[in-house]
2 protein chains.
Amino acid sequence: MLKKERHDFVMRQINLHNRVLNSDLVQLLNVSEDTIRRDLQELAENGQLSKVHGGALSKSYQSSFDDSDVYAKDAKVCIAKKTTSLIKDGMVVLTGGGTSIIELAKQLPENLNATFFTVSPFVAIGLAKYAKVEVILIGGLFSKNSQVTYGGHVINQLSEINADLCLLGTSAIHPQNGLTDTDWEINQLKKAMFNSSKKAGILCISEKLDISLRLKVASLENIDYLITELDPQSPELNAYRVKTLQIL
Amino acid sequence: MLKKERHDFVMRQINLHNRVLNSDLVQLLNVSEDTIRRDLQELAENGQLSKVHGGALSKSYQSSFDDSDVYAKDAKVCIAKKTTSLIKDGMVVLTGGGTSIIELAKQLPENLNATFFTVSPFVAIGLAKYAKVEVILIGGLFSKNSQVTYGGHVINQLSEINADLCLLGTSAIHPQNGLTDTDWEINQLKKAMFNSSKKAGILCISEKLDISLRLKVASLENIDYLITELDPQSPELNAYRVKTLQIL
DNA sequence: CGGGGTCCTGCGTGTTTGTGCATCATTAAT
DNA sequence: ATTAATGATGCACAAACACGCAGGACCCCG
C-alpha cells in the first residue's frame, strides 16, 4: 500500500463521513498507528483536514459549527442529545424529517448498532456516517415543501414496518388538541408512522408548544415521549403531564 | 523488450488496476528498478500517470475524490449543461447518483415539466426546486459509500418503472469493455436502471475515458448518449464512435 | 570499415523517505 | 484522582531514490 493511496483513502473517508478515527484506519489499512498519525499530520499540514485527538475531521464540517442561528440551533442540539437516551442497541427506529431529527442524526453515539427507517433524505445522509447503523430510506414521491417522501406508496411501505420507536419533529403540539399539522399529505404520513411503531417520541422546540393547527395527527395519549429543550420540571410543561407521557 | 512496449504495458496496468508498484514491474518486465523508475518518470512527465513513492497511480483515480479539483467541477457543469438538451417536457427520467448527476439537477431549465425517478437523495433534494418537476425517490437500503439506495427492494421497484431516459454517472468507460464498475451491488443497480429505460445516457468526465474496471455494467451498444466535457469531434473520442452512440 | 555521436540500460554509491518500535508525555473519560 | 487511550519523540532498518559511470546497441558519416 503506497502512502499516496492511504492519503487518498483517508480523504475519501473524510469526504464521505466528515470524520475518521485513527483506530479504524489502522485496521482498514493494516499499518501501525504511527503511520496513520503521520499521514493525518501531513494531510493536516496541507490543509486537507483538521486533526483532532483520536482522528481527524473534515474542514468543512468544522466550519459548519459557526451557524449564525446559534440560538435555535442550541435548543435542537439539546433536544437531540436528550433523545439519544431513548435509542438502544438493536432497536428499529422510524423517523420523519425536519431540522430536529436531522440534528439527532448527527448526535448519535458513535458505535450505535441499530436500524433506521426514514422518509427524509437528509436524515439518511446524516446517518450514513455510523458504521453499524443500517439505513433504509423509504421511497416515494418527494415533497418539495417538507423535503420528505410521502404519498400512497410510502404509506404502503410503512404498513410493512414494525418499528420499536417512531421519532417525529412537529409543527405544533397542544395540551388538548395534541399533535396537529397543516398539510394533509404529511398528516397522513405521520399517522401511518405512528401505526408502524410500538412507541412514539416527539421532538419539539418550546416555541411550538401550545399551538394548534388545522389537522389532527394524534392526541397526547398516543405519544410516549415528549422531548423539549426545557427542564422536564418546568411549568411550561405542566399542561402536558399525562399519565402515559414521559417528558424529557 | 523495447521501451515503448514497457510503457504500453505500464499504461495497461494502470488502466486496469489504477496503480502499479514498481517492484512488480521489475519482476514482470525483467528490467532493473532504475529502468522502471525512468519509465514512470517519463510517463509522468507526459501526464499519463502520476508517480508516487514506490510506484504510480492513475490520474483519474487520483482526482475522483479530490474535491479541490476546480477543473473537474467546471467540467461537470459543462457536462450537466449539455445533458439538459436531452431532457424534454413530459419525459420520465431515471437517474443514478454521483457528482455529475447532482450537478445536472442544479442546471435544469427553470420551468421544465418532467418526472424524475432517482436513487440519490442528493439528486432528489436538488430537483425539489423545480416547481413542475415531479420527484420520486426510490427507497431501499442506503449505501454508505455510494450514497444511493440499492439492493433488492430498489431493483424490484425499478422493474415497475418504464422511463424514457436513464442518466448515469460512471466510474469508468472503455471503447471495448464498455461501462464498468467495482462494486457489485452498484453494478446490479445500474443494470436494472438500464433495463427500466428506453434510452440511456452516460455522463462522463474525460478522465474516466479509456478506463476499465472489474465488473461490467453494459457495452457501448447499450448506451445511446455519451456526454463529456470535450468537443464531440475531439480525437480522444474517436474510439467511441459506434453507430448507435451519439456523442455530445 | 571504423570512429564519434546518441540512446538505453544496469550497477555502485551515498542520500532521502517511509515504517515500526520503545519510551515517555499528554489527553480524555470516569 | 485514577486509569486507559492517544500522542510525541528519537532511533533503527529497510525500501526507494538520485546520480554518475560504463558497457552495449544503433546510427550517421567519412
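Proteins come first, then strands; the chains are lettered A, B, ... in the order of their sequence lines, and each starts at number 1. As the structure is a computational prediction, the values presented were derived from the model and not from experiment.
With hydrogens and angles ignored, no donor-acceptor pair under 3.5 angstrom links the side chain of B/D34 to the base of C/dC8.
The CD atom of A/E5 sits 11 Å away from the P atom of C/dT19 (whole-angstrom rounding). If you take CZ of A/R37 and P of C/dC21, they are 13 Å apart, rounded to a whole angstrom. Whole-Å rounding puts the B/I36 CD1 to C/dG10 P distance at 9 Å. A/L2 has its CG atom 11 Å from the C1' atom of C/dG18, to the nearest Å. Atom P of nucleotide D/dC26 and atom NZ of B/K3 are separated by 16 Å, given to the nearest angstrom. Atom CG in A/L21 sits about 9 Å away from atom P in D/dT6, given to the nearest Å. In this structure, B/Q41 atom CD and D/dA18 atom P are separated by 6 Å, rounded to whole Å. As a whole-Å value, the separation of B/H53 NE2 from D/dA14 C1' is 10 Å.
Among the protein residues, B/K4 comes within range of no part of the nucleic acid, since none of its heavy atoms lies under 4.0 Å from any strand.
Of the residues near DNA chain C, A/R38 and B/T35, the one whose nearest nucleotide (by heavy atom distance) lies more toward the 5' end is B/T35.
Between B/K51 and D/dC17 there is a side-chain N or O to OP1 or OP2 distance below 4.0 Å. When the side-chain nitrogen and oxygen atoms of B/N22 are compared with OP1 and OP2 of D/dA15, none of them lie within a distance under 4.0 Å. Contact between the side-chain N/O atoms of A/R6 and the OP1/OP2 oxygens of C/dT19 is found at a separation under 4.0 Å.
Atom OG in B/S219 sits 13.5 Å away from atom NE2 in B/H174 (nearest 0.5 Å).
In terms of heavy-atom proximity, A/L245 sits nearest to A/Y240 at CD2-O, 3.4 Å.
Between the side chains of A/S206 and A/E229, at least one donor-acceptor pair of N or O atoms lies under 3.5 Å.
Side chains of A/F194 and A/L168 form a contact here, defined as non-hydrogen atoms less than 4.5 Å apart.
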- Task: Please report the C-alpha distance between B/I14 and B/R19 in whole Å, then the side-chain angles of each, then the deciding distance to 0.1 Å, and finally whether the side chain to side chain contact (heavy atoms under 4.5 Å, CB included) criterion is met.
- Result: CA-CA 5 Å; B/I14 286 273; B/R19 65 188 288 245; 5.7 Å; no

